[in-house]
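Within every chain, numbering begins at 1; the chains are lettered A, B, ... in the order of the sequence lines, protein sequences first and strands thereafter.
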Number of protein chains: 2
Amino acid sequence: MDQKITIDDVAKRAGVSKGLVSLALNDRPGVSAEAKQRILRVADELGWHPDPAARGLSTRRAYALGLIVRRSPHVIEVDPFFAAFMAGAEAVLAEHGQVLVLSVVADVDAELQAYRRLSAERRVDGFFVTDLLENDHRIDALGDIGKPAVVLGRPDNTHGMPVISRDYSAGISQLVAHLVDLGHRRIAHVTGNVAMQHARIRLDRFLAECDARGMEPIVAEADFSPEQGAVATQALLDGRNPPTAIIYGNDPMAIAGMAVAHERGLSLPADLSIAGMDGSDIGGWVYPTLTTLDNDPAGWGRAAAETLVRLIEDGAAPDVTLPDAELIRRASTAAPAQPGERRTPRGGGDTQQHATTDTKET
Amino acid sequence: MDQKITIDDVAKRAGVSKGLVSLALNDRPGVSAEAKQRILRVADELGWHPDPAARGLSTRRAYALGLIVRRSPHVIEVDPFFAAFMAGAEAVLAEHGQVLVLSVVADVDAELQAYRRLSAERRVDGFFVTDLLENDHRIDALGDIGKPAVVLGRPDNTHGMPVISRDYSAGISQLVAHLVDLGHRRIAHVTGNVAMQHARIRLDRFLAECDARGMEPIVAEADFSPEQGAVATQALLDGRNPPTAIIYGNDPMAIAGMAVAHERGLSLPADLSIAGMDGSDIGGWVYPTLTTLDNDPAGWGRAAAETLVRLIEDGAAPDVTLPDAELIRRASTAAPAQPGERRTPRGGGDTQQHATTDTKET
DNA sequence: TTGAAAGCGCTACCAT
DNA sequence: ATGGTAGCGCTTTCAA
């Protein structure tokens, strides 16, 4: 149980020196094929693993990568992104003998502190930077800190850090087009926290899409929390000329918005079409099932981890562009009711499409 | 940026030897008050942090604790527990100079492998064991592995590992009593994955509560996923004598169950009362707002982290019992409609209670 | 109370 | 291609 096996044991048993074992392990040149094979076999027999502390002491590496999640307690529980992102990232790290070190903080100050701590204590070799802000302080701070980092966002202003990005704009175009095709002309957008770049990009694209169609955009700012999603929805529906469709910056807000509509006795989607983003599994299991844009958080995680590992090992890594977001059409969007038909009692009507029968636009 | 400051720098500047600095840092006896003070001041001035790799090489510690989350990709996204649990745990670990190492796996085999890897590679000093199974293999495996661990579960069969537990039974009693008080006699339970101890405990208590009241229990097995929650709900409602109230093993299943009911044109809660468990934030923002039992995942995280740190440092730590789960009464539970009244059109009726106005039973 | 020195397990360099 | 050896930064003896 207590691993007392060291590189010396392996060296002795294989009849070579420690140095050679080390070279063989890190498959470096200068080891004969047969020696290498023998060494690796012996290591395996003995169940030997190099001690990362000892390695790190020589190489000044931690063999660990850091993810700092900044979320308010009320958003984190409901966040459809991080758990899956971590799963994707961690799977890749494990293949590379690395480990994921996680920190969860409530605000930007605590986040900067966490970067500094993990870095000063030499706990990690690099960072994943998520939820990029517009003019993000962290980019500069990480520059000072001097640790490699990959950024999830748009390839701007990242001071040469590799960027993982996905074109969400294309999905928003599809979504708006989908609603317009159904006959909507008064479409609203409930934003996420627009201090975040991805929320801002979504808003900008929404505005552009409205503009291109000569529609007056309706916008309510929120922050990705269901609570704010509900508040924004109330405000929109209380407006003098309420929208016939609402696009939310994420699925939890959309679900909260649906609840508000239901509570007012509106029939969905006849009286109001609703769409989310960052498509989460739960969206396929609410009533009506939620039209949304997919996001594949595990894919983000894998790409980010591969890039960060490569950045650390090779000193550089190319940006990665993930496939465009795709529209997932479900039952929460439909043609708007004619003015006279509003507030119809519910029941009957369309059968709803379940998640297992999602229609993905390609 | 590149931390080249070592214990030697501190020793030199403070005019003492490395050894003394080390003693002072770990506040061990044998250092004069003034020397200690001076050393710590100098260390602070220099911004020195001991290198965990170097420390670990001497002490055979990793100064890191491991959490391995076993969840299928479809459950993890929606899981209201882990993100908040990690946040709670990590906050405590940071105070103790420790770090949280995270792994996400899909099944039990991969989980055991992850324990072995993290242990063999000496990445962590101990583990958090969650989702305890009945006769959990991991307990034995961890015994072999020989790393300290704390278990989230019921204090049985844990071979002397400290246990963090919360009495969920009390909450279930309250919940059943609440429904019975409203007039329900046909109450169903949609279970979580009953291989997990907490799902089993909930089921057992539900059965006991029914038994105590002479009610025939109705049970549908599921696995915590919204999909299974929906399937189970269909089956229950298609039964020859459908329940008037359904208690789900977690909130995502309850939300999926609500959707099934809505889709059938049932009016909630008049035609069917619905309750969840593991109360998540989102439950306060669906329609109707979801009656549930709270769970305070961050509290679990803090308690578990404190216990594990103590176990490692002192060699032993007492079990912790968290406060009983409490009923959160919201709008999804109400008196059952009289037979004749079923399938009333919705709208009007009760105003729903929002999350901000939850009623907590004490 | 303090200093000096010997490891901890590995990598990396200099020989051969 | 291989062996020997000097560190990496800390903790922990053992002397003084």
Side-chain angles (χ1 to χ4, degrees), chain A residues 2-40 42-43 46-64 97-98 119-123 125 312-313, chain B residues 2-40 42-43 46-64 97-98 119-123 125 312-313:
Chain A
D2 217 290
Q3 303 288 20
K4 300 224 153 263
I5 307 152
T6 75
I7 197 173
D8 275 311
D9 302 321
V10 177
K12 234 162 268 169
R13 184 93 103 91
V16 296
S17 72
K18 300 168 28 168
L20 250 205
V21 175
S22 176
L23 292 183
L25 180 77
N26 300 295
D27 52 27
R28 290 259 242 286
V31 190
S32 68
E34 58 221 314
K36 182 161 170 178
Q37 204 187 348
R38 182 159 32 97
I39 289 168
L40 294 180
V42 170
L46 263 37
W48 172 75
H49 296 272
D51 184 328
R55 290 181 88 186
L57 199 51
S58 293
T59 58
R60 301 189 117 314
R61 302 245 280 111
Y63 303 98
Q98 310 260 91
S119 173
E121 295 183 356
R122 273 144 287 167
R123 292 313 205 118
D125 300 322
I312 288 167
E313 283 173 2
Chain B
D2 217 287
Q3 301 289 18
K4 300 224 151 269
I5 307 152
T6 77
I7 197 173
D8 275 310
D9 301 322
V10 177
K12 235 163 265 170
R13 183 92 104 92
V16 297
S17 71
K18 300 166 32 167
L20 251 204
V21 174
S22 176
L23 293 183
L25 180 77
N26 300 295
D27 53 26
R28 291 262 240 286
V31 189
S32 68
E34 57 222 315
K36 181 162 172 177
Q37 203 186 349
R38 184 158 32 96
I39 290 166
L40 294 180
V42 170
L46 264 37
W48 171 75
H49 296 271
D51 184 329
R55 291 180 86 185
L57 198 51
S58 294
T59 58
R60 303 190 116 304
R61 300 246 280 111
Y63 302 98
Q98 311 261 90
S119 174
E121 296 183 355
R122 272 142 287 166
R123 292 315 203 115
D125 300 323
I312 287 166
E313 284 173 0

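Listed candidates were C:dG9, D:dT11, C:dC10. Nearest to the side chain of B:Leu25 is D:dT11. The side chain of A:Arg55 lies closest to C:dC10 when the candidates are C:dA4, D:dG9, C:dC10.
In this structure, B:Asp9 contributes its side chain and B:Thr6 its backbone to a donor-acceptor pair below 3.5 Å. For B:Asp125 (side chain) and B:Arg61 (main-chain N/O), no donor-acceptor pair under 3.5 Å exists by modelled atom type. Side-chain atoms of A:Ser22 never come within 3.5 Å of backbone atoms of A:Lys18 as a donor-acceptor pair (strictly under, hydrogens ignored). Looking only at distances, a side-chain donor or acceptor of A:Asp51 sits under 3.5 Å from a matching main-chain atom of A:Ala53.
Atom P of nucleotide C:dG9 and atom CZ of B:Arg61 are separated by 16 Å, given to the nearest angstrom. Distance, A:His49 NE2 to C:dC8 C1': 19 Å, rounded to whole Å. Atom P of nucleotide C:dG7 and atom CG of B:Leu57 are separated by 14 Å, given to the nearest angstrom. With rounding to whole Å, B:Asp27 atom CG is found 12 Å from D:dT11 atom P. Rounding to whole angstrom units, CD of residue B:Glu34 and P of C:dT1 are separated by 10 Å. Between B:Ile7 atom CD1 and D:dC8 atom P there is a gap of 14 Å when expressed in whole angstrom units. The distance from atom NZ of A:Lys12 to atom P of C:dG9 is 12 Å, rounded to the nearest whole Å. The separation between B:Asp51 atom CG and C:dG9 atom P is 17 Å, rounded to whole Å.
For A:Arg123, the salt bridge (charged side-chain N to carboxylate O under 4.0 Å, His left out) test picks out A:Glu121, with sequence neighbours left out.
The minimum heavy-atom distance linking A:Leu20 with A:Gly30 is given by the pair CD2-O, 4.0 Å. The minimum heavy-atom distance linking B:Gln98 with B:Tyr63 is given by the pair OE1-CA, 3.2 Å.
In A:Arg13, the CZ atom is not crowded: 12 or fewer heavy atoms of neighbouring residues, nucleotides or ligands sit closer than 6.0 Å. The environment of CD in A:Gln37 is sparse: at most 12 heavy-atom neighbours from other residues, nucleotides or ligands sit within 6.0 Å.
Within the nucleic acid shown, B:Val21 has no heavy atom closer than 4.0 Å to any nucleic acid atom. Within 4.0 Å of A:Ala53, counting heavy atoms only, lies no atom of the nucleic acid at all.
Between A:Arg60 and D:dG9 there is a side-chain N or O to OP1 or OP2 distance below 4.0 Å. Regarding contacts with the backbone of C:dC8, every side-chain N or O of A:Thr6 stays at 4.0 angstrom or more from both OP1 and OP2.
Rounded to 10 degrees, the angle separating the terminal helix axes of the helix from C:dT1-D:dA16 to C:dT16-D:dA1, each built from five base pairs, is 40°.
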Using nucleotides 12-16 of chain D, report all nitrogen or oxygen pairs with the protein that are shorter than 3.5 Å.
residue, atom, partner, partner atom, Å
D:dT12, OP2, B:Arg28, NH2, 2.2

